Amino acid sequence: MSSHPSSSDPSGAASSAFHRLHPQVRRWVWTQGWKELRGIQEAAIVPILKGTQDVILSASTASGKTEAAFLPICSRLAEDAGGSVRAIYVGPLKALINDQFERLDGLCEGLHIPVHRWHGDVSQGHKARLLQSPAGILLITPESLEALFIRQGSALAGLFSGLEHIVIDELHAFIGTERGCQLQSLLHRVELSLRRTVPRVGLSATLGDMSLAAEFLRPGAGAKVRLCNSDSGGGELLLQLRGYRKRAPDMRTEEDEEPSDDLPEDEHDVGAHLFKTLRGTHNLVFANSRANVELYADLLRRMCEDARLPNEFFPHHGNLSKELREEAEAALKAKQRPVSLVCTTTLEMGIDVGSVQSIAQVGVPPSVSSLRQRLGRSGRKGGPSVLRLYLQEAELTKTSPLSDQLRVRLVQSVAMLELLLTNWFEPPASGAFHFSTLVQQLLSLIAQHGGVKAGEAFLALCHEGPFARVSREDFVRFLRGLGQRELLSQSSDGTLLLGRVGERLVNHYSFYAAFASVEEFRLVAGGRTLGTMPIDQPLFVGTYLIFGGRRWRVLAVQGDEKVVELEPAPAGRVPVFEPTGVGRVHDRVREQMRAIYAGDGLPRYLDARALELLAEARATFQRWRLNERSIVASGMEVHVFPWAGDAVVHTLALALQARGLSVQTLGPVLSVAGQQADVEGALRALVAEGPPRAESLTRHVVNMALEKHDGFVPEDLLARDYAARYLDAEGAWRVARQVLQ
DNA sequence: GACCTGCTGCGGCCTG
């Protein structure tokens, strides 16, 4: 609390609400040695003590949001915390629940409020004890809450009968996702079983438009949610974007089968700068993909070895074993020796690793909002935040694609930094129908009650529930589709029951999660599990591998047990992980890119090489006269520049394909095979017809079934969900008109 | 051009 102006005790003039906390809670605050409550903690007291209001507490990481919620909640429970579970805390990670359990236990011990953990790693004994004498606070994951509905359906109302508070941690991580939709449905079903609403508290990072978060927290009544915001405000930011030239593919030596010890020079150059700048301190290096995390972790470790230093660089990603990840986190947090973690999005949120000296981002950031989240990890002790961005662009040749000539990666990164500096970032996704999760919630509802009437299910899930965008008509079609696929059956009185396939789904534990997962091999070296890899990897005895930032050779593969045994090796190869969905660039980013191409400003955070690359990008833009036109012909191809986000680009591509044209998209550019007149004709026809119906555009989409249960959803409903998520018909129509001008 | 998250019940074996 050193960054706060000190006062003698937390009951100072600024802390008037402090007196309203229970005496025992105030005593706990004093014993913590806190000089005063933080802004968010102060602001939360009155609305939460009221016990009737939904509240969002938004503040940066490590600002004491959990205490902000639980000081008043524990005050309310201090005299009597028994009879049933009285407060539920839902967290997205088991590790986070374990953290909060430790912290809450100290506060609750003196108040005689029992605190229970419930997730996959908690013993059945503990769970049985809570079911027997429910009381106090329950910390749980959405999946375990789902399991409670299915396994303890009839006991649920009793278990939660006296429930007064629901707290959702990391609210922003749930918004717009299947998992978030599942959580909304579960909370709604808790309230249905109690026949009353239970006030909700959402803990969130600061989001630009908090009304979206409020509407997520309380669907249908977001306007009534009380917002408590304590934005510490942006401190000083030290920024650098470093450009690198990468040899073009045809100038590179062919990769042979034997793994070579040499990395392409550009990776070496980036690695050398990382090593030189980061060694001796504590940092996070975001490398975008698990493969790149392995590549740079291995490279930096070898640089330490070459310099005869103990290793300071450790990888961190979702396929590494819990053990290796926790070791890396602990080493960084302990600050006893210099440690930098090379990571994916795993370290964007949740686990507390303390503050670090600087953030490095290798490659284009996935979005402005993730860049902002990553930046929040640095410079917390009042010092400046430091961000270094490393960007590689291909050396140009006669056959370089237009996107290389335009230095799209560099310009997109500059655009994102400019938007970050103006404090803009992408809002969370909205508008999807989430039919996949509707499949799950319907089956779960049937399992909970043993059977439901179609009308009741519609009321519970759609009409008053989180699937409000699904009409009665669509719901009937949806049910019919599930019946055909044997997920549902119907008894003679019309009650919906689980069908043959539905029964099988619900009875397997994998049903509790709203998201799908693939089977993977376990990698073991010397009896120690290093992590997992997808099973479709061609792995043979003798194959070289880089994993956990080290080099290995496959010693044995045990197909039955899905175990791969490894031994240390001098050489290695970065594994290919299963690629998943596609990135989505926002309209604002592409608009900003155009402004950068057309402008002549030279951002001060660019290094000499990045300035060169920017000059090349602008030269290409001018040579093609892209300031005055958006369609250019080149050889056998026509390039269209919508200067809009991926949803619009994707929609335009499908609309042109529907008119028989062959289209390829490369970042911001649509490349069409054929004559300019054909493309313009197709666009003119598109404009004349008005905004296209998104469902008809999806005819050319190869695979729309992207979510877990999409395979069971009737085709036309799936098309509508896909269009709502990934397409922008209105935007594409508007842009088509502009492009033709 | 991607990333992350989560999970029950039960049978079988071992140890104290």
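Every value quoted in this text rests on a predicted model; they were computed, and no experiment measured them. Chain letters run A, B, ... following the sequence lines, proteins first, then strands; residues in each count from 1.
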Answer yes or no: does a side-chain N or O of [X] lie under 4.0 Å from OP1 or OP2 of [N]?
X        : N     : result
A:Arg325 : B:dT5 : yes
A:Ser517 : B:dC4 : no
A:Thr177 : B:dT5 : no
A:Arg290 : B:dA2 : no
A:Ser144 : B:dC7 : yes

Please give, in whole Å, the distance from [N] [atom2] to [X] [atom1]?
X        : N     : atom1 : atom2 : value
A:Tyr726 : B:dA2 : OH    : C1'   : 12 Å
A:Gln361 : B:dC3 : CD    : P     : 13 Å
A:Lys708 : B:dT5 : NZ    : P     : 16 Å
A:Asp169 : B:dT5 : CG    : P     : 16 Å
A:Glu426 : B:dC3 : CD    : P     : 18 Å
A:Gln182 : B:dC7 : CD    : C1'   : 11 Å
A:His508 : B:dT8 : NE2   : C1'   : 9 Å
A:Glu707 : B:dT5 : CD    : P     : 17 Å

Side-chain heavy atoms of A:Val411 within contact of A:Tyr597, under 4.5 Å
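Yes; the side chains approach each other to less than 4.5 Å.
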Can you confirm whether A:Ile168 sits close enough to A:Phe174 that some side-chain heavy atom of one is under 4.5 Å from a side-chain heavy atom of the other?
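In contact.
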[X], nearest nucleotide to its side chain (from [options]):
X        : options             : value
A:Thr345 : B:dT8, B:dG6, B:dC3 : B:dC3
A:Leu93  : B:dC7, B:dG9, B:dT5 : B:dT5
A:Thr346 : B:dT8, B:dG6, B:dT5 : B:dT5

Under 4.0 Å between a Lys/Arg side-chain N and an Asp/Glu carboxylate O for A:Asp404 and A:Arg409?
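Judged by the 4.0 Å cut-off on N to carboxylate O distance, A:Asp404 and A:Arg409 do form a salt bridge.
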DNA chain B: A:Ala147 or A:Leu666, which has the more 5' nearest nucleotide?
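Residue closer to the 5' terminus by nearest nucleotide: A:Leu666.
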Please tell me which of A:Val364 and A:Ala513 maps to the more 5' nucleotide of DNA chain B, matching each residue to the nucleotide holding its nearest heavy atom.
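Taking each residue's closest nucleotide, the earlier one in sequence belongs to A:Val364.
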A cation-pi test, strictly: NZ or CZ of A:Arg189 under 6.0 Å from the centre of the six-membered ring of A:Phe149 and no more than 45 degrees from its axis. Yes or no?
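Yes - A:Arg189 lies over the ring of A:Phe149, closer than 6.0 Å to its centre and within 45° of its axis.
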With centres under 5.5 Å and planes under 30° as the test, does A:Phe511 stack with B:dC7?
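It does not: the ring fails the test against the base of B:dC7.
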May I ask you to say what A:Tyr512 touches in the nucleic acid, namely base, sugar-phosphate or nothing, with a heavy-atom cut-off under 4.0 Å?
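The residue A:Tyr512 makes sugar-phosphate contact but no base contact.
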Considering every strand and a 4.0 Å limit on heavy-atom distances, what is the contact class for A:Glu146: base, sugar-phosphate, or nothing?
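Contact class for A:Glu146: none.
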Does atom NE2 of A:His126 have more than 12 heavy-atom neighbours from other groups under 6.0 Å away?
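No, because the 6.0 Å sphere around NE2 of A:His126 holds 12 heavy atoms or fewer from other groups.
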Counting only heavy atoms not in A:Arg522, do more than 12 sit closer than 6.0 Å to its CZ atom?
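At most 12 heavy atoms, drawn from other residues, nucleotides or ligands, come within 6.0 Å of this atom.
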Taking N and O atoms by type only, does the side chain of A:Ser510 place a donor or acceptor under 3.5 Å from a partner on the base of B:dG6?
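Answer is no: no donor-acceptor pair is held.
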